[in-house]
Amino acid sequence: MADSDTTFQRYDDEFQSLLQQIENSLSTEPPGAFTKNLLQQCDDLIKQMALEARSQPSTNVKNLLLQKVRQAKSQYQAVQQKSDKQSLLGGTKNSNGDYERRVLQKNEDMLSNQNDTLERARRTMQETEAVALEITEELGNNRETLLNAHGRVREVSGMTGRARRILTSMSRRQVQQKMIVYGIAIGLVLAFLFLLWAMWR
């Protein structure tokens, strides 16, 4: 959760920095391409902040971050209305293409860094999704392995039962054979005794 808080705070810091740049820009020139670009980045950051807030497992943290998102939206709407108003009034100072090109050149590195941050956030989300898919696939493979092992255990148990029945049957036949042999032996002994008795009679 600490990583998510850090990510949200980074978005919020960038959002506040962009708002300050927009305010500075509106105080020196009418809204142009540069200001519109900054407003678009603010809108993108608010969406990222809302996404981070809703992904929080803690209800208290989620509500706190969503409150900050609502505050950011209010700030964004206020500065956007100010920009729209200045566009309708024609601005306070004359603006031309050369001036805007100088401003864009001056802030090129800063905008590049902000775009890189948004791109890293998107990549992080994609990597997280990929890891989740890999974990799901691995769990599926483990489940299949367990089912196969369970099937083999049932097969071995069945073979053990059949072997036990065969041994029991063999043991029963051995007992029967011994009883027959004992019966014959007793019969022979009795016959021999009878012959002796007949001879000495």
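What you see is a predicted model; the values in this text were computed from it and never measured. We number each residue from 1, following the sequence as shown. No hydrogens, no waters, no symmetry mates; every other heavy atom, side chains included, goes into these values.
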- Message: Does K82, at its NZ atom, have more than 12 non-hydrogen atoms belonging to other residues, nucleotides or ligands within less than 6.0 Å?
- Response: yes

Are [X] and [Y] close enough that a side-chain donor and a side-chain acceptor fall under 3.5 Å?
X    : Y    : result
N141 : E137 : no
R70  : Q67  : yes
S169 : R173 : yes

- Backbone N/O of S83 and side chain of S87: donor-acceptor pair under 3.5 Å: yes

- Who pairs with R120 by salt bridge (charged side-chain N to carboxylate O under 4.0 Å, His left out), at least two apart in sequence or on another chain? none

- Can you list the residues that meet the salt bridge (charged side-chain N to carboxylate O under 4.0 Å, His left out) rule with D84, with sequence neighbours excluded? none

- Please examine the side chains of M49 and D12, heavy atoms only from C-beta on, and report whether any two atoms are closer than 4.5 Å. yes

Name the atoms and distances for all side-chain donor-acceptor pairs under 3.5 Å in residues 35-42, with sequence neighbours left out.
unit_1 : atom_1 : unit_2 : atom_2 : d
T35    : OG1    : S25    : OG     : 3.0
Q40    : NE2    : D44    : OD1    : 3.2

- In terms of heavy-atom contacts, P30 and Q86 come closest through CA-OE1, 4.4 Å

- Item | Partners passing side chain to side chain contact (heavy atoms under 4.5 Å, CB included) against K62 (at least two apart in sequence or in another chain) | Q56, L66

- Partners passing side chain to side chain contact (heavy atoms under 4.5 Å, CB included) against W197 (at least two apart in sequence or in another chain): F194, R201

- Query: Quick one: side-chain hydrogen bond (donor to acceptor under 3.5 Å, both in side chains) partners of R122, sequence neighbours excluded?
  - Reply: E119

